[in-house]
Asker: 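I'd like to ask you about the structure that follows.
Convention: sequence-line order gives letters A, B, ...; per-chain numbering from 1. Just the heavy atoms: all of them, side chains too, but no hydrogens, waters or symmetry mates, feed the values below.
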Protein chains: 2
Amino acid sequence: MAGKRNTSTNRKQQIIDAATDLFANNSYERVTMSMVAKACNVTEPALYRYFSSKEKIYEAVLLSLSLKVDLEELAAWIKASRDIEEILQEIAGHILNNNLKHTELSRLLLLSSLEHRTLARQVFTAVRLPYIDLLIDELKRLREMKLIRDVNPVITARCFIGMIMDCAVSKNLWGKMQGERFQIEEVIENNVPIFARGLKE
Amino acid sequence: MAGKRNTSTNRKQQIIDAATDLFANNSYERVTMSMVAKACNVTEPALYRYFSSKEKIYEAVLLSLSLKVDLEELAAWIKASRDIEEILQEIAGHILNNNLKHTELSRLLLLSSLEHRTLARQVFTAVRLPYIDLLIDELKRLREMKLIRDVNPVITARCFIGMIMDCAVSKNLWGKMQGERFQIEEVIENNVPIFARGLKE
DNA sequence: CACAAGTTAGTTAATAATCATTAACTATTT
DNA sequence: AAATAGTTAATGATTATTAACTAACTTGTG
């Protein structure tokens, strides 16, 4: 009945992918090994060949997510700019389109940070903090050049990133509300300029 | 051994209170009937006299929360104002201090909307939507008076409320980050003016 | 006022389902 | 033949829920 076999690395990645999908839509405890196994077309004990526990699978999922956050390119691009609106635009676009284009990710991260207290910090650090730190630097830089007002860079950065992440989550979660459904582009186009204008001197 | 007995209404409220606390700090599946029972100093089957299932307890918790959102007073206050900054300030303050002063609540609501798909809409409607609708009206009003720019009121309102709710959640969740811990007042004082300035003509 | 009869609030003990994990074994690949 | 990828079947823990019973209140009637 069994037939073909998969290679170890393939299978491992398949498990992570399937688990990512599941954890993004259900809480940690609601995802069962049976669900993961079924999604991979194997039996539950097969999973234990690759991960010693459910917790380890979860950790692998988080790790694979944080690896995807690479801000090198974005940072380089941004540091050449002197316009806060352009900078915010780029950051928002990067969050919404590049890294969190699978919007499951933003859900997963929020969800995990809400329920797994110990992992929350690590998740936050891996995904949210890099953006915040980048923006803090930019705010300081522009402030020194007197291009923006004297705001608290830490609070402001946290707030802006939070706003964008909330958009990412809300969009798919609450979808059509008040009779209207919006595209990410519309949301950025409307909100980023508001924030940018408020920062300008 | 048994001794005193509690009245039905007292006990029911006690169960809801205890469950609110538990659901706010653990996900739905992580909260067990045993935990709820212990918190109420009764045995598990006793809970079934008041609620026919765990799900029903959860629903009762959500219901009791949504009942607490009363915007009458806030709405009256706000409609007298012609200053967008003042309006945003009041709304933010109301969210952060009045309704979500037990920050567990905001966690619980976010968490539940993230994992219980069916209840998500109902939770959203109960807690988030009233604020959004109120702000939409105000934005339209001020726009007609040419006091703010021509922005999409729905997107803008959603975004602002999302930003504030994210602050409420983030504050307690991630607490001290980047070496600094902020008070809600500081956060409002920094962010609301940015948003308000960006909206002004 | 008394007090039996019924109702309500609670208990202990059992049930059935689900879940993560392990043991022991088999088939496939190298 | 050695190593790897997978299986079936069992285990033990936890869980929500129910059954069967008991103690404490309430009420209607003499």
Asker: Does Lys56(A) make a cation-pi contact with Tyr48(A) (under 6.0 Å, within 45 degrees of the axis)?
Answerer: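 Judged by the rule, Lys56(A) and Tyr48(A) form no cation-pi pair.
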Asker: Side chain of Thr43(B) only, heavy atoms from C-beta on: which candidate in dT12(C), dA9(C), dT21(C) is closest?
Answerer: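 Between dT12(C), dA9(C), dT21(C), the one nearest the side chain of Thr43(B) would be dT12(C).
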Asker: State, to 0.1 Å, how close Arg128(B) and Arg158(B) come at their nearest heavy-atom pair, and which atoms those are.
Answerer: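 Heavy atoms only, the tightest pair is NH2-O, 4.5 Å.
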Asker: Any chance the side chains of Asp17(B) and Gln13(B) put a donor and an acceptor closer than 3.5 Å?
Answerer: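 Checked: Asp17(B)/Gln13(B) side chains pair up, N/O donor to acceptor below 3.5 Å.
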Asker: Rounded to whole angstrom units, what separation is found between the CD1 atom of Ile57(B) and the P atom of dA16(D)?
Answerer: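 Answer to the nearest Å: 10 Å.
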Asker: What is the nucleic acid contact for Val31(B), judged by heavy atoms within less than 4.0 Å: base, sugar-phosphate only, or nothing?
Answerer: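 Counting heavy atoms under 4.0 Å across all strands, the contact made by Val31(B) is with sugar-phosphate only.
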Asker: Could you check which of dA13(C), dG6(D), dT17(D) has an atom nearest any side-chain atom of Pro45(B)?
Answerer: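 Nearest to the side chain of Pro45(B) among the choices is dA13(C).
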Asker: Counting side-chain heavy atoms from CB outward, which of dT17(D), dT21(C), dG10(C) is closest to Lys54(B)?
Answerer: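 My answer, after comparing the listed nucleotides, is dT17(D).
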Asker: Can you find a side chain N or O atom of Tyr48(B) that sits less than 4.0 Å from OP1 or OP2 on dA19(D)?
Answerer: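 No, Tyr48(B) has no side-chain N/O under 4.0 Å of OP1/OP2 on dA19(D).
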Asker: Starting at atom NZ of Lys12(B), determine the distance to atom C1' of dT8(C), rounded to an integer number of angstrom.
Answerer: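 These atoms are roughly 14 Å apart.
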Asker: Heavy atoms from C-beta onward define the side chain here; which of dT18(D), dC19(C), dG10(C) lies closest to that of Asn6(B)?
Answerer: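 That would be dG10(C).
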Asker: Quick one: is Arg11(A) getting a side-chain N or O under 4.0 Å of the dT4(D) phosphate, OP1 or OP2?
Answerer: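 No.
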Asker: Side chains of Glu86(A) and Ser81(A): do they bring a donor and an acceptor to under 3.5 Å?
Answerer: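 Judged by distance alone, the side chains do pair up.
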Asker: Can you identify which nucleotide, out of dG6(D), dT21(C), dT17(D), has its nearest atom closest to the Ser53(A) side chain?
Answerer: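 Comparing dG6(D), dT21(C), dT17(D) against the side chain of Ser53(A), the answer is dT21(C).
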Asker: I need the CD-C1' distance between Glu29(A) and dT18(C), as an integer number of Å.
Answerer: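 The distance from CD of Glu29(A) to C1' of dT18(C) comes to 14 Å, rounded to the nearest Å.
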Asker: Return the value, rounded to whole Å, for the distance between atom CG of Leu47(B) and atom C1' of dT15(D).
Answerer: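 Taking CG of Leu47(B) and C1' of dT15(D), I get 14 Å after rounding.
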Asker: Met33(A) has an atom CE; how far is it from atom P of dT14(D), in whole Å?
Answerer: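 Result: 18 Å.
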Asker: Between dA13(D) atom P and Arg30(B) atom CZ, what is the distance in whole Å?
Answerer: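 Going from CZ in Arg30(B) over to P in dA13(D) covers 20 Å.
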Asker: With side-chain hydrogen bond (donor to acceptor under 3.5 Å, both in side chains) as the test, would you mind laying out the steps for Tyr28(A) and Glu55(A) before giving the verdict?
Answerer: CA-CA 9 Å; Tyr28(A) 177 81; Glu55(A) 192 71 33; 3.0 Å; yes
Asker: From C-beta outward on Ala46(A), which listed nucleotide comes closest to its side chain: dT11(C), dT21(C), dT7(D)?
Answerer: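 Selected nucleotide: dT7(D).
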Asker: Rounded to the nearest Å, what distance is computed from the NZ atom of residue Lys38(B) to the P atom of nucleotide dA16(D)?
Answerer: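 For the pair Lys38(B) NZ and dA16(D) P, the rounded distance is 13 Å.
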Asker: Figure out the CD/P separation between Glu44(A) and dA10(D), and round it to whole Å.
Answerer: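 Whole-Å distance recorded here is 15 Å.
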Asker: What is the nucleic acid contact for Phe51(A), judged by heavy atoms within less than 4.0 Å: base, sugar-phosphate only, or nothing?
Answerer: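 Nothing, no nucleic acid heavy atom in range.
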